[in-house]
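This report concerns only the one structure given below.
So that the names make sense, note that chain A is the first sequence line, chain B the second, and so on, each numbered from 1.
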Amino acid sequence: MDDKFLKPYNPKEVEGKIYQTWEDSGYFNPDKLPNQSGEPFTVVLPPPNVTGTLHVGHAYEDTLQDIVIRFQRMRGKRALWIPGTDSAAIATQARVEKNLQKDEGKTRHDLGREEMVKRTYEFAKNSESTILNQVRKMGASLDWSRYAYTLDDKRNLAVFTAFKRMYDAGLIYRGSRIINWDPKGQTTISDDEVVYEEEKSKFYYFKYGPFVIGTARPETKFGDKYVVVHPDDSRYSAYTHGQKIELEWINGPIIATVIKDSAADMEMGTGAMTITPWHSLVDFELAEKYDLDKEQVIDKYGKLLPIAGEFAGMKITEAREKIVEKLQAKGLVEKIDENYVHNIATSERTGATIEPQIMEQWFVAVDKEFTIPYSEIPGIESGSKITLKEMMRTAVEGGAVDMPQEGFRKTYLHWILNLHDWCISRQIWFGHRIPVWYKNNEIYCGVSAPEGDGWEQDPDVLDTWFSSALWTFSTLDWPEKTVDLKTFHPTAFMSPAYEILQLWVSRMILMSGFHLGQAPFKKVLIHGLVRAKDGRKFSKSLNNGVDPLDMVEKYGADALRMGLIVGSAIGSDIKFDEQRIRGYKLFANKIWNVTRFILENAKDFDSEAKLVDYTGTDTGAYSMHATYHNQLKTSLEDITLDLENYRLYLAGEKIYHYFWHTFADEIIEWSKPLLKSGDEKEKWATQHLLLSILADTIKVLHPFMPFVTEEIWSSLPAQLKKQKLLMVEPWPLS
RNA sequence: GGGCGAUUAGCUCAGUUGGUAGAGCAACUCAUUUACACUGAGAAGGUCGGGGGUUCAAGUCCCUCAUCGCCCACCA
């Protein structure tokens, strides 16, 4: 027996070495696996932000995927897990800008676009190794030879190609639409990056000619020359649609037009409202419907424009009170409600109050019909007409993407129903630049700049989710028609956090459906968030963060993996409990000691001797051996079924339980007298039983606790193994 | 405002198609010159949030209420 077993198991001495052995073996790459006839089984790693560090959420997500990948690999599948990182454009640029300000006192504009992009790229590249090494520490069996970065050449080509094809299909268009403008970040942001915060403010009632209108935002009212009432509102039956009324307003008399539309809520206030199409989505939609004038009142910096007359140039907050004062002086204030509670839109990243604006932006049209050239998605015929929205719905309802968690499926479908066109342009510098060039009135879209002089590229970059949405196939080098793409797409499954269901999952379905006519993945299992023990989110401000690498240092990666997986079903939140992780460190040591005991007591095991076959029906004196053998088989079948059905937490708990309380407490205790009895045949049978249970349980534990099991495997007698490395050993029962 | 979920032992959570309530941790008793930087044996602990219904049978299915959480949403 190896002397290493005389000491307790020490993960620190083992994990680095074992990971190196795996990497050197080449088996992370499915093309190098011993069994080349297996079915492909692909997972793409949700690419972590290149400038980030590993947090407990990643550790959990990586473990989930690694368990599945390792299980499938041992079952003989050609398992491929593709690693990658994301540039997360806005986050990265913001980070570099912050450093720039701090270290050199400069802004991005001082540097200029080219230099800024160069520095950001370098910064991203420099920090990428940090997170990748952290992922390795978790034991993730990723095929590093297929590593992808969202801004590398191949992914860049994929993004440009995707854009061009959708542009040519009429699904990407440029239009003046109302968007969420972040005055602080000086960029548009997507609906998903907007967070609503409850705020108590004043609500004003103003006299607007014969009407009384309510508003929380007097500063936008300069351009309001339409008053909207509900067609059924008896209070206003005297007025007709389109009727013009002259009235006194903030800066003098104006002509207002009456609009009758059911958008006005009769229950709300006086039932009459004025509209500001340039700065409100509802108002914009009304203006589009009736072809009304739209006027900008507030500029990109949150200041009032000349239309505000004497208030021009003022900041919103400053202007608000002054406008009210003026209206008050003119006797136009009916009343002011001091306790008005409403939600205001703020930018998730900068915290600034969002100012809706009409701007020229690029959009993906989700409601426009197109002809889908090719489709493997059940319910969608190749060559049929469909909208992206319908496609996204059908992919899930028709089963191309299996979303077994009913609650999340409902959430997804509900979200699809309410989907608006997706604004994909961002006014930042770092990221995929929009592949469109302008020259006078000409416009060109292509994967590279057009021939000839005088063309200027669109200054904006794409929403980072645009490239992320291509991830399942851009990582397989699409648009090239590679063997990889043919073999490994659609991917087998994806396990994102529920936070990201709409943001990412749905958009992958959109892109994969349009460009390949395939689902991006066959199954999606949404997991919960890892929270602090008190149920609160981990956050910097609460200073309750846990660094997974500290846990690895203290208890080993295997213990951390088990501690995260066992104990909560996939989909519900996980409360992080260090005690549990400590418990699994003890378990790793238990496995270690069981091995020590068995190897010590099986030194003289003679595999050549004629063994008693206790696996048959007529077992005679060896009925206990047979019972234990069959019990093992039953347990492993059960656990295998759980793994096949992604019930990882159950499988993990069951193997833990079997190993400790059946194998160690019961079977080994039972074996002690038999090993000493002096009956050679009985001893061999017992040694054989113990060795085979050990080998089989080590195999089943491997996906969960890869390091300690691989280390033990290297010390097991060769006749128990088909493969030198446990990671490619065939799964028991198969 | 709309949608989704949760409520089970002191704590954290399982409970897969309805069939005698489970685990880990903590706490308790005992053992321990033992493969175990510890481990083993044992005992204790729950009217499964409240109420109603379906059923031979409900933690599980249906209705309703309460509390908590999350997501979405333009209420001027």
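- If you check the side chains of A:T686 and A:H625, you find a donor sitting under 3.5 Å from an acceptor.
- B:U12 and B:G18 are spaced 27 Å apart, taking the C1' atom of each and rounding to whole Å.
- Across all strands, A:H279 comes closer than 4.0 Å to no nucleic acid atom at all (heavy-atom distances).
- Residue contacts for A:K672: at a heavy-atom cut-off of 4.0 Å it reaches a base atom on one of the strands shown.
- Using a 4.0 Å heavy-atom criterion, one finds that A:G583 contacts no nucleic acid atom at all.
- Using P as the reference atom, B:A31 and B:C68 are 49 Å apart when rounded to the nearest Å.
- The separation of B:C74 from B:U17, taken at their C1' atoms, amounts to 45 Å, rounded to a whole angstrom.
- Note on A:Y649: only backbone sugar-phosphate atoms sit closer than 4.0 angstrom, heavy atoms only; bases stay farther off.
- Residues A:Q631 and A:Y658 have side chains that never bring a donor and an acceptor to within less than 3.5 angstrom of each other.
- B:A26 and B:C11 are spaced 7 Å apart, taking the C1' atom of each and rounding to whole Å.
- Nucleic acid contact for A:N645: none, since no nucleic acid atom lies under 4.0 Å from a heavy atom of the residue.
- Rounded to an integer number of Å, the gap from CD1 of A:I275 to C1' of B:A76 is 11 Å.
- A donor atom on one side chain and an acceptor atom on the other are found under 3.5 Å apart for A:K221 and A:T274.
- Remark: A:K590 fails to qualify as a cation-pi partner of A:Y656 under the 6.0 Å distance and 45° angle criteria applied to the six-membered ring.
- Each of B:G40, B:G3, B:G15 was ranked by its minimum atom distance to the side chain of A:H414; first place goes to B:G3.
- With hydrogens and angles ignored, a donor-acceptor pair closer than 3.5 Å exists between the side chain of A:R647 and the base of B:U16.
- One interatomic measurement links the two molecules: CZ of A:R531 to C1' of B:G69, which rounds to 8 Å at whole-angstrom precision.
- Across the protein-nucleic acid pair, A:E285 atom CD and B:C75 atom P stand 13 Å apart, rounded to whole Å.
- Side chain to side chain, A:D224 and A:Y208 fail the donor-acceptor criterion of an N or O pair below 3.5 Å.
- As judged by a 4.0 angstrom heavy-atom cut-off over every strand, A:A216 is placed among residues making no nucleic acid contact.
- Among the protein residues, A:G652 comes within range of no part of the nucleic acid, since none of its heavy atoms lies under 4.0 Å from any strand.
- If you take CD of A:E653 and P of B:G22, they are 13 Å apart, rounded to a whole angstrom.
- Distance check on atom P: B:C75 versus B:G46 gives 48 Å, rounded to whole Å.
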